[in-house]
Amino acid sequence: MANSCLQLGGFLLSFLGWLGIVIATSTTDWVNICKYGLNTCKKMDELEARGPWAHCVISTGLYHCVSLTQILDLPAYIQTTRALMITGSILGFPAVVMLLMSMPCINLGSEPQSSKNKRAILGGVLILIVAICGLVSTIWFPIGAHREYGLMSFGFSLYSGWVGTIFSLLGGSIVTCSSDSSSSRSYQENNHFYYSKQGGSNPPAAPSTNHAKSAHV
């Protein structure tokens with residue numbers, strides 16, 4: 001029962017983490033660039049929101065974005081962030097499906113528990129890869145933006161990526177560890193059953209010859 005609860009909790013954390021990575025990937029409010037104070041930049045229409053896909057100008061009544069279409073001219077941290085976040089978003093979908101199909105409440109015909117445990121471990125490893133992609137991206141991008149533009153503040157997309165990374169790390173670790181312990185326990189139970197059958201099939205011992213001789217006398 002406890003192991004089933006751990007697997008269910010790990011699945012929910014993994015799903016929420018992957019959802020946070022997808023939200024961070026699809027939005028542009030990663031960092032807010034400003035040369036002065038935030039309020040001063042808003043009044044002067046100089047506050048900019050920058051992400052992997054676009055640069056946006058933010059003011060009281062204006063939100064204008066310019067897409068970053070010149071891929072070869074982009075800095076390395078933007079290109080790396082794009083590649084890692086897309087990879088994490090794509091890998092997260094089959095990982096979540098694998099974890100869902102390996103839940104204790106879902107049965108695929110007469111599938112053995114060992115197959116479900118292997119699928120859960122594979123899904124947990126993929127979720128951990130998603131978390132690593134999000135971790136590298138959400139750390140490297142603000143560092144690169146700070147070196148290039150200077151004073152800044154963090155945006156909604158970056159917080160979403162951090163939350164998604166933490167949830168993915170926790171969910172992937174919980175699912176992988178709980179499935180690994182469950183598979184090792186089922187392996188020990190199968191071996192115990194095998195040895196008990198082998199011990200029960202031994203032929204009965206032959207009667208003692210001494211006992212037969214004494215009875216004959």
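Considering only heavy atoms from C-beta on, L74 comes within 4.5 Å of R82 through its side chain. Looking only at side-chain heavy atoms (C-beta outward), S153 and V31 stay at 4.5 Å or farther from each other. Between Q7 and V175, every side-chain heavy-atom pair lies at or beyond the 4.5 Å cut-off. Side-chain contact between F156 and I23: present, with at least one pair of heavy atoms (C-beta onward) separated by less than 4.5 Å.
The minimum heavy-atom distance between G134 and T165, with the atom names listed, is C-OG1, 3.4 Å.
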Working note: W140 + Y77, criterion ring-ring contact (aromatic ring centres under 6.0 Å, His included); need CA distance, chi angles, decisive distance, verdict. CA-CA 7 Å; W140 195 358; Y77 72 92; 7.6 Å; no

Where do F154 and W30 land on the ring-ring contact (aromatic ring centres under 6.0 Å, His included) test, with the steps shown first? CA-CA 6 Å; F154 302 141; W30 282 57; over 10 Å; no

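For the residue pair S157/T27, the side-chain donor-acceptor check at 3.5 Å is satisfied.
F15 and W18 have tilted rings, their planes meeting at an angle from 30° to 60° on a 0 to 90° scale.
Of the possible donor and acceptor atoms, one in the side chain of K116 sits under 3.5 Å from a partner among the backbone N and O of M103.
Atom CG of residue N32 and atom CG of residue L158 lie 10.0 Å apart, to the nearest 0.5 angstrom. Separation of atoms CG (L13) and CG (L99) is listed at 11.0 Å; rounding is to 0.5 Å.
More than 12 heavy atoms of other residues, nucleotides or ligands sit less than 6.0 Å from atom CZ of F11.
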